[in-house]
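Notes for the one structure printed next.
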Amino acid sequence: LLFAVGLSLSGALELGTGLAGWAGRLSPGPSRGTGLGGSFGTGVLATVVATPCTAPFMGAAVGYGLTAPAPVALGIFAALGLGLAAPFLLLTAAPGLVRRMPRPGAWMEILKQVMAFPVYATVAWLVFVLAQQVGPGGLFAVLIGLVLVGFSAWALRLSAGREGFGGWVFRGAAPLALLARGGPGRAVDRDRVEPGAALAGSPSGGGAEPFTQARLDALRNEGRPVFLNMTAAWCITCMVNERTALSTDAVQAAFKDGRIAYLKGDWTNQNPEITRLLERHGRSGVPLYVLYPVAGEPIVLPQILTSGTLVETLSRAGGSRRADLLTSPGPTATSKE
């Protein structure tokens, strides 16, 4: 879908052009498009046109809104609607600003084409995410699917303005190519990797045991402090935390010094045990970092970690004997051990 949106912005595929005069048609009579119906239609049209572009960047807000209590959910969606309406409200409150707005011209088409590249970048990111979830066969199937989307865009563009047999051929080829994507889609489902496979190649994987609820319970029964890292191969925040905090010498030394067990859960392809743990701590997704001290309640850490915050928290786990981990250089501390 996003690849098709990018093609539309680039001009290779026209999407939504049939909606152009829809708002005006809502107001009958000589003042078509100027009454309340026309204003309402303009707002709906603006929302429909903006949705494909904003959806990739509002997924977190929408996902949280769908799982939040009704008052919170209504507030979130009202805020989204208010944000979309804000330009119209501003121009209504200060009509003089209309004169300061850029005049329509060729620059609008250039800007539209430029905005295609962030969408293509999103497609590249989603392919990278999928590469963590499926094998080579599934990834190849997805790339073939993108080729078929491109073929559909090409066929639709050639069919525009063509009459007779040639036009029918190109108009029929476009939906057939989209229907053919069902085959690659089934190949992706068959080629999904097993949950937990992403841990092998993830940063800071060394020293971490795969998470299971049984292993967590066993370690706690032994009286050992436990640090949980719930992650996924597609989680950007998780990757940043791995490199900037969890992989640092000071943090690794803190784990060793405090005899803190390190359990790592892979939620790349979902996992029922991890999902239940996330829900238990009021989270709908990763990352989730929880420290179980020797005594006391679990400590839920922030989603954005720093080496200093992590070392300070680990020092309270019940087994740490050193308070200068943050200031001491990692290699020197390790050699002293």
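Quick note: residue numbers are just sequence positions, from 1.
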With sequence neighbours excluded, residues passing ring pair (Phe, Tyr, Trp, His ring centres under 6.0 Å) with Phe140: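 Testing Phe140 for ring pair (Phe, Tyr, Trp, His ring centres under 6.0 Å), a comparison that skips the adjacent residues, returns none.
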Roughly how far, to the nearest 0.5 Å, is the [atom2] atom of [Y] from the [atom1] atom of [X]?
| X | Y | atom1 | atom2 | result |
| --- | --- | --- | --- | --- |
| Leu314 | Ile260 | CG | CD1 | 4.5 Å |
| Gln133 | Asn269 | CD | CG | 5.0 Å |
| Leu126 | Leu1 | CG | CG | 10.5 Å |

Same cluster (ILVMFWY, side-chain, under 4.5 Å), [X] and [Y]:
| X | Y | result |
| --- | --- | --- |
| Leu74 | Leu84 | no |
| Phe3 | Phe117 | yes |
| Leu91 | Phe40 | no |
| Ile304 | Leu278 | no |

Filter on ring-ring contact (aromatic ring centres under 6.0 Å, His included), then keep only pairs touching residues 218-239, sequence neighbours left out; what's left?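 Listed by first then second residue: Phe227-Phe255, Phe227-Tyr262.
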Give me each pair satisfying disulfide bond (SG atoms under 2.5 Å apart) with a member in residues 210-285, each pair once, sequence neighbours excluded.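 Found Cys235-Cys238.
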Name the atoms and distances for all side-chain donor-acceptor pairs under 3.5 Å in residues 216-226, with sequence neighbours left out.
unit_1, atom_1, unit_2, atom_2, d
Asp217, OD1, Gln213, NE2, 3.0
Asn221, ND2, Asp217, O, 3.1
Arg224, NE, Arg259, O, 3.4
Arg224, NH2, Arg259, O, 3.3

Are the charged groups of Glu273 and Arg215 less than 4.0 angstrom apart, N to O?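 No, Glu273 and Arg215 are not salt-bridged.
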So which heavy atom on [X] is nearest to which on [Y], and how close?
| X | Y | result |
| --- | --- | --- |
| Ala116 | Leu9 | CB-CB, 3.6 Å |
| Gly6 | Val119 | N-CG1, 3.8 Å |
| Leu305 | Thr244 | O-OG1, 4.3 Å |
| Ala233 | Gln132 | CB-CB, 3.3 Å |

Residue pairs involving residues 114-140 (criterion salt bridge (charged side-chain N to carboxylate O under 4.0 Å, His left out); sequence neighbours excluded):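 Listed once each, the pairs would be none.
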Does the side chain of [Y] come within less than 4.5 Å of [X]'s, by heavy atoms?
| X | Y | result |
| --- | --- | --- |
| Leu143 | Val147 | no |
| Thr306 | Leu310 | no |
| Val240 | Thr237 | no |
| His281 | Met230 | no |

Can you list everything that forms a side-chain contact (heavy atoms from CB on, under 4.5 Å) with Leu82? Sequence neighbours excluded, please.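 Leu82 satisfies side-chain contact (heavy atoms from CB on, under 4.5 Å) with Leu89 only.
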side-chain contact (heavy atoms from CB on, under 4.5 Å) with Ala12: which residues, sequence neighbours excluded?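 side-chain contact (heavy atoms from CB on, under 4.5 Å) list for Ala12, sorted by chain: Leu7.
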Any donor-acceptor pair under 3.5 Å linking the side chain of Thr248 with the backbone of Ser307?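 Such a contact is absent between Thr248 side chain and Ser307 backbone.
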Main-chain N/O of Leu246 paired with Gln252 side-chain donor or acceptor, under 3.5 Å: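 Confirmed, Gln252 side chain pairs with Leu246 backbone.
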Donor + acceptor pair across side chains of Asn229, Thr231 (<3.5 Å):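 Checked: Asn229/Thr231 side chains show no N/O donor-acceptor pair below 3.5 Å.
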Residues in side-chain hydrogen bond (donor to acceptor under 3.5 Å, both in side chains) with [X], at least two apart?
| X | answer |
| --- | --- |
| Ser10 | Tyr120 |
| Thr92 | none |
| Gln303 | none |

Could you give the side-chain donor-acceptor pairs of residues 283-298 under 3.5 Å, partners two or more places apart or in another chain?
unit_1, atom_1, unit_2, atom_2, d
Arg283, NH1, Pro287, O, 3.1
Tyr289, OH, Asn241, ND2, 3.0

Compile the donor-acceptor pairs under 3.5 Å between side chains in residues 94-114 and protein atoms, sequence neighbours left out, one pair per line.
unit_1, atom_1, unit_2, atom_2, d
Trp107, NE1, Arg103, O, 2.6
Glu109, OE2, Gln113, NE2, 3.3

